[in-house]
Every structure is written in structure tokens, then in C-alpha cells.
Amino acid sequence: MARLILQVFDVKLKKIKQRLQEIKEKGYTDIQISPIQSHCAHIWKWYRLYQPTGTSIGNSIGTEEDLRSLIKACDEMSMGIIVDVVLHHTTGCPLCNPVGSYNYLSNLVKKYIGRGNPSGRFICNDFGPRVDTSSSKHFESQLNFLQKLVDLGVAGFRFDAAKHIAPDYLARLLKSLKQGSKFLLCYSEALDGDPNLLNEYIWEGAPPMMVIDFTTVFRMIDALGLNGDLRSLQEYSTYPLRSIAMADCHDSKVGDSYHFGDDRDGILGISFLLGRGTAIPLVWDSFSNNPMVKAGAKFYHECHGLDVRFHWDCTANLMIIMRGDRGLFILNKSNDWIEWESLNLNGMRCGKYKELVFGFEITVGRGEDDGVWIQNWGNKGGFRVGPRQSLFLVHSG
């Protein structure tokens, strides 16, 4: 089964454990939890989780024992826990003195300061005191933290604010880990749309590093907007291959880093990623009960490994993706119904297809021109998709 990640944000580990059966039934193989490092005790908003005071395990979402228990329960269900880790900075709270190995106020690796990056790469001041990654003491502290999580049995890591951490430092940390029996899924948050920057955070090795594909995030925001064009997403259909694909996350839903037009745009965005299926999707938890997202997760697994072909009749408001010869994804971003007399589907199997959101069937067959056409759509002919709607159809016989 293909990996599919659910981001469960700022939720206590004991509550996540109670939901495991529900999460598994929705098709998720992994759960990304919030940072588990000790954090500032004087902040109770969500960003307290990103104000670490050290590298010990245990904070307001749970203890080390809670994490161990959750991982054990996941193992029994063939699921994995991915931990969001904060290595770039410590808390900036003046009431909370960092302790132990995090008792410092220093810059990042000095050699990177001269790279002249206006985006603030490696020299960002927005988070709090920055970890001095030139220090062997801090390297060992962070390595021991990651190693302890690996020994507990985590399935991978999300590296927060990786854009501000030198790629070779992250690579050195990962290569120094003694891996357990699990294949670690590791990915970096480089919140930037520059493909060249994102590519710096992708490498092979043991374990390899992937990257969250913000290039596609920003493209989706534009494409799904009022004056956007869905065809602009086609050139990013496989970029980057080693990526985590998402729409909304905590940075957009509770933070202020970027925003889709509304929740429906975010749901259409993750529907597109599930329908496209060329990267590992990361789904915001509150969207996981949406019928389109639930159907999309099923479609993602059904069509895993099949090739992706954008239909030749795509428009600014209508996207049609053919998955192999037996899967069909359709997205209408407009506020109006789109209705055509028929639709050519050359290259697709003839027979019946079941739609996974609403449960209706369509029939595909040969026309007089020997082409493959939709012959019946539900109880009628033609082709139709409702406003701001995604449909997922799979060959059923």
C-alpha cells in the first residue's frame, strides 16, 4: 500500500491512540504528530510547540511513555508515527531560559551568512535564538535526540524551518543515525516556491531526504483562485518526484504563512494531489472527514503506481486526469455546473466505472468512430460535474 500521511496537529498523544482504527480505515498509513520536545511553559498558543527549550522528549501533548505507547499501538496496526522536530531554533521567550545544551544565543553556521540570500536562508531572525550548528556539542545533542526517537520506533521526521538550516548539516545528522528496522521517511519544510532551493533538500542515502513541495502549493493557490487556470498545474505534475504533497497545514490553518481562498479551495487542492498521486500526500486532519477527501484517499490507493495523463480537453476551470487505463479524476473549480454532451476517453478501459464520492456509475464504451466515449453518466447520458467539486471514478467491471 502507498504511504499516505495524516497531520494531527496539537492533539494529545493519548487521544491520537484512541483514533487509530478510524484513521487506518480512512486509508492513512502514517500520522505526523506535533513536536514532542520540551517547550516554553509561558505560551499556550499553538506556536508554543515550536519554542523548544531543549531536546528532551515530553511536553504538553504527551510524555515519552505516551509516545512509546502510541508507537507500539501503531506498529500493531502496521502504521507509523512521523515526528515534527525543531532543530533550527530555541524559544525566544524572555521568561523561559533555555536549559542544558540549548543555553546559548548564537548564529547559524557562519560560512553561510555570506551567501547573500534575501529570503533569509540560514540567517533567519523570526523564530528566536538560533542553534549554533557549528558546535559539536549541539550536534551531539540533536543527534542523540533523533537517535532516541528512532530507538523508540518512529517512522520518520519532518524537519521544521529546514530552509534556514544548511542542507549538509541535516545530511550529516541523518547519516550519523543508527537506523532501526524501519525505513525512515524524512522530509524538510523549506517554505519556498523556488524549485532550485527545494532541490537542495532532496538526496539519496540512508535515510534519504524528501521535501515538502511548496512550489505546487503556491501554484494551486493561484490556479484555484477566481482568475486562476487549472492547466497551469500540469507542468508540475511530477515535480519534484521525491516530495511530500500537501495543500493546507498548520502554517495556513492556524498560522499565517500562506492561505488558500477558503476551505473549499484547500479541499480541492488536496483532492487534486490525491487524484494526481505522483507524490506522498499529507492531509490536514480536519479535512479527513470531507467526502471528497475520503474518496480521494481510496482513489489514491486504488491507482497507486499507474501513469498520469492530463486530458486534452482540460480548461481553466476543468481538470481531467486519467490514471492508467482504469482511473479518472475530475475537478471543477468554478461556481457553475459543467455539462457536456459526451467526453472522449481514448486509452481508458471500456465498461462500468464507480464514482467514489456519490456512488453513481458511468458506462464507457466504443463509439461509431471506434473511439472510447462516455455513454451513460448515472441515469443519464452526457458528462456533468457540479460546482467546486471533485469526482473520483475507478473501473468496476
Side-chain angles (χ1 to χ4, degrees), residues 4-11 23 26-28 32 34 45-47 50 158 189 191-193 212-237 243-300 310 314-321 329-339 355-358 384-392:
L4 178 59
I5 310 168
L6 185 69
Q7 182 185 7
V8 182
F9 183 73
D10 198 2
V11 175
I23 293 171
K26 290 178 181 176
Y28 296 95
Q32 178 187 300
S34 297
K45 293 186 177 181
W46 68 271
Y47 50 80
Y50 296 88
R158 172 198 182 267
E189 182 220 20
L191 212 166
D192 199 295
I212 298 174
D213 183 7
F214 279 101
T215 302
T216 296
V217 172
F218 298 138
R219 286 280 172 170
M220 287 193 299
I221 291 172
D222 291 339
L224 290 165
L226 182 64
N227 298 314
D229 190 328
L230 292 176
R231 291 169 295 191
S232 66
L233 295 174
Q234 294 186 27
E235 61 183 294
Y236 290 95
S237 62
S243 68
I244 303 297
M246 69 176 193
D248 275 305
C249 71
H250 66 283
D251 282 319
S252 61
K253 299 308 295 179
V254 296
D256 198 34
S257 296
Y258 66 92
H259 293 288
F260 282 81
D262 55 22
D263 275 357
R264 193 67 167 189
D265 281 359
I267 289 168
L268 291 176
I270 195 61
S271 296
F272 160 65
L273 297 172
L274 292 165
R276 184 191 68 174
T278 54
I280 300 175
L282 173 65
V283 179
W284 179 245
D285 185 25
S286 64
F287 289 167
S288 66
N289 285 321
N290 179 274
M292 288 191 293
V293 177
K294 291 173 76 172
K298 184 175 181 180
F299 182 87
Y300 171 75
F310 285 86
C314 289
T315 70
N317 289 325
L318 179 69
M319 173 180 286
I320 304 169
I321 297 177
F329 168 71
I330 303 169
L331 187 157
N332 172 13
K333 82 174 183 73
S334 75
N335 291 316
D336 301 306
W337 280 84
I338 294 178
E339 300 184 68
E355 201 287 313
L356 302 180
V357 182
F358 300 99
R384 61 183 59 80
V385 56
R388 289 165 66 75
Q389 191 175 88
S390 290
L391 301 177
F392 300 87

Checklist entry - For Leu268 and Ser390, which heavy atoms make the closest approach, and how far apart are they? => result CD2-OG, 3.5 Å
Checklist entry - Testing Ile212, Asp213, Thr215 for side-chain contact (heavy atoms from CB on, under 4.5 Å) with Ser243, which one passes? => result Asp213
Checklist entry - Which class fits the ring pair Phe329 and Phe272: parallel under 30°, tilted 30 to 60°, perpendicular over 60°? => result tilted
Next on the checklist: Within the structure provided, determine whether Asp222 and Ser232 are in side-chain contact (heavy-atom separation under 4.5 Å).
Outcome noted: no
Checklist entry - Heavy-atom distance under 4.5 Å between the side chains of Leu4 and Leu274, does that happen here? => result yes
Next on the checklist: If I take atom CG from residue Asp229 and atom NZ from residue Lys333, how far apart are they, to the nearest 0.5 angstrom?
Outcome noted: 7.5 Å
Item to check | Derivation and outcome, side chain to side chain contact (heavy atoms under 4.5 Å, CB included), residues Glu189 and Phe214 | outcome: CA-CA 9 Å; Glu189 182 220 20; Phe214 279 101; 4.0 Å; yes
Checklist entry - What are the two closest heavy atoms between Leu273 and Pro281, and how far apart are they? => result O-CG, 4.5 Å
Checklist entry - Does the Asn332 side chain pair with the main chain of Gly386, one donor and one acceptor, at a distance under 3.5 Å? => result yes
Checklist entry - Backbone N or O of Val254 within a donor-acceptor pair of the Trp46 side chain at under 3.5 Å? => result yes
Next on the checklist: I need the Ile338 CD1 to Arg384 CZ distance, nearest 0.5 Å.
Outcome noted: 12.5 Å
Item to check | Ile330 and Leu318, any side-chain heavy atoms less than 4.5 Å apart | outcome: yes
Checklist entry - Can you tell me how far the OG atom of Ser334 sits from the CG atom of Leu226, to the nearest 0.5 Å? => result 10.5 Å
Checklist outcome for this item: Correct closest heavy-atom pair for Val217 and Met246 would be CG2-O, 3.2 Å
Next on the checklist: Quick one, Leu331 and Leu391 - any side-chain contact, counting heavy atoms below 4.5 Å?
Outcome noted: no
Next on the checklist: Regarding Asp263 and Lys253, does a basic nitrogen lie under 4.0 Å from an acidic carboxylate oxygen?
Outcome noted: yes
Next on the checklist: If you count every heavy atom of other residues, nucleotides or ligands that lies below 6.0 Å from Lys298 atom NZ, does the total exceed 12?
Outcome noted: no
Item to check | Val357/Lys294 under side chain to side chain contact (heavy atoms under 4.5 Å, CB included): CA gap, chis, key distance, verdict | outcome: CA-CA 8 Å; Val357 182; Lys294 291 173 76 172; over 6 Å; no
Item to check | Student check: side-chain heavy atoms of Trp284 and Ser252 closer than 4.5 Å | outcome: no
Next on the checklist: What verdict does the side chain to side chain contact (heavy atoms under 4.5 Å, CB included) test give for Lys26 and Asn289, after you've listed the backbone C-alpha separation in whole Å, the side-chain angles of each residue and the deciding distance to 0.1 Å?
Outcome noted: CA-CA 9 Å; Lys26 290 178 181 176; Asn289 285 321; 2.6 Å; yes
Next on the checklist: Can you tell whether the side chains of Arg264 and Asp262 come within less than 4.0 Å, N to carboxylate O?
Outcome noted: no
Next on the checklist: Could you go through Thr216 and Arg276, starting from their C-alpha distance and side-chain angles, then the distance that decides it, and tell me whether this counts as side chain to side chain contact (heavy atoms under 4.5 Å, CB included)?
Outcome noted: CA-CA 12 Å; Thr216 296; Arg276 184 191 68 174; 4.1 Å; yes
Checklist entry - Between Met292 and Ser271, what is the shortest heavy-atom contact and its length? => result CB-OG, 3.9 Å
Next on the checklist: Using 30° and 60° as the class boundaries, would you call the ring planes of Phe218 and Tyr258 parallel, tilted or perpendicular?
Outcome noted: perpendicular
Checklist entry - If we only count heavy atoms from C-beta on, is the Phe260 to Asp248 side-chain gap below 4.5 Å? => result yes
Next on the checklist: Closer than 3.5 angstrom, by distance alone: can the side chain of Glu355 be matched with the main-chain N or O of Phe392 as a donor-acceptor pair?
Outcome noted: yes
